[in-house]
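Here's the structure we're looking at; comments come further down.
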Amino acid sequence: MSLIDVDGLDVHYGELQVLWDVSLEVREDDSVVSIVGPNGAGKTTLLKTLSGILTPTNGRVEVLGQDVTEAPSDDIVERGFVQVSEERNLFGDLSVEKNLRMGSFTKREAFEENRDMVFEMFPVLEERRDQKARTLSGGEQQMLAIGRGLMAEPKVLAFDEPSNALAPQLAEQVFETIEEISDDVTVVLIEQHVDRALGLADRGYLLENGRIQTEGTGEELLHSDAIKEGYLRG
Ligand SMILES: Nc1ncnc2c1ncn2[C@@H]1O[C@H](COP(=O)(O)OP(=O)(O)O)[C@@H](O)[C@H]1O
Ligand SMILES: [Mg+2]
């Protein structure tokens with residue numbers, strides 16, 4: 001059984017089609033699957049479709065063998081697919097701890113245990129547990145968004161450009177955190193930092209203009225002409 005199985009997705013915003021016949025798979029033995037491509041390729045649209053925020057006009061999405069094409073987002077979270085969105089979607093006026101609580105709505109009974117696990121991973125969040133989310137630095141907000149995603153005990157955790165708007169050193173820390181998380185949870189990583197994302201990936205997909213152009217192991221993609229010519233410099 002695949003963790004995620006996507007078959008033939010077409011997605012529109014009104015009349016405007018942005019995804020064409022997109023198929024992909026996340027397998028149980030994948031630790032990181034990366035989806036790379038330029039700005040505007042449709043990466044966020046794809047992730048929103050997988051997480052039930054958008055409904056495709058054609059095609060099918062399965063999570064853990066269950067058809068969730070028309071399912072609401074909460075059901076998809078409950079099944080084990082959680083995303084850390086590009087905007088991070090924190091509750092700015094709520095404390096760090098309350099934001100973590102919001103992430104645990106499907107696993108309330110395990111709140112304290114999971115919170116302590118998140119605090120262990122990100123000690124700075126424990127130091128700031130009573131501080132409002134909007135007063136955290138960009139890097140700390142990204143940690144909180146990741147921590148909140150972990151509170152739902154995902155089987156698959158998807159990241160939409162997690163290094164976006166972070167200084168290089170912080171971005172590097174985020175990639176290291178993602179690598180650590182991928183020891184326990186399968187990660188779907190959406191990135192414009194193509195070399196870093198494919199370096200971490202067991203398998204990857206290149207999305208361009210709303211279509212999957214190439215797929216393969218991370219290694220194969222890094223050495224493919226499509227990636228070398230379009231995305232890697234130097
Ligand atoms: N809410 C929306 N309404 C209309 N068009 C949108 C909307 N969101 C994104 N788009 C368009 O869909 C295309 C893909 O966008 P997006 O999925 O955000 O790409 P990426 O995440 O790869 O940068 C772009 O052309 C973008 O302008
Ligand atoms: Mg995007």
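In listed order, ligands and their atoms are each counted from 1. The basis for the numbers below is simple: all heavy atoms, side chains too, and nothing from hydrogens, waters or symmetry mates. All residue numbers in this chain count up from 1 along the given sequence.
For S73, the side chain to side chain contact (heavy atoms under 4.5 Å, CB included) partners are I53, not counting sequence neighbours. Every residue two or more places apart in sequence or in another chain that forms a side chain to side chain contact (heavy atoms under 4.5 Å, CB included) with Q192 is listed here: N39, K43, E161.
The pair E97-R115 counts as a salt bridge, with a side-chain nitrogen and a carboxylate oxygen less than 4.0 angstrom apart. The existence of a salt bridge linking R27 and E25 is confirmed by a sub-4.0 Å separation between a basic side-chain nitrogen and an acidic carboxylate oxygen. Between E220 and R203 there is no salt bridge, since no side-chain nitrogen of the basic residue lies less than 4.0 Å from a carboxylate oxygen of the acidic one.
Protein atoms that are N, O or S and lie under 2.8 Å from the Mg ion (ligand 2) are these: T44 OG1.
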For a distance cut-off of 3.5 Å, show me each N or O of ligand 1 paired with any protein N or O, plus the separation.
unit_1	atom_1	unit_2	atom_2	d
ligand 1	8 (N)	Y13	OH	3.4
ligand 1	17 (O)	T45	N	2.9
ligand 1	17 (O)	T45	OG1	2.5
ligand 1	19 (O)	G42	N	3.1
ligand 1	21 (O)	T44	N	2.9
ligand 1	21 (O)	T44	OG1	2.8
ligand 1	22 (O)	A41	N	3.2
ligand 1	22 (O)	G42	N	2.9
ligand 1	22 (O)	K43	N	2.8
ligand 1	22 (O)	K43	NZ	2.8
ligand 1	23 (O)	N39	OD1	3.2
ligand 1	23 (O)	G40	N	2.7

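When each of E191, Q142, Q173 is paired with S163, the side chain to side chain donor-acceptor pair (under 3.5 Å) condition holds for E191 and for no other.
Rounding to the nearest 0.5 Å gives a distance of 10.0 Å between OG of S2 and CG of D29.
No donor-acceptor contact under 3.5 angstrom links the side chains of D160 and S85, judged on distance only.
F111 carries R101 over the face of its six-membered ring, with the cationic atom under 6.0 Å from the centre and within 45° of the normal.
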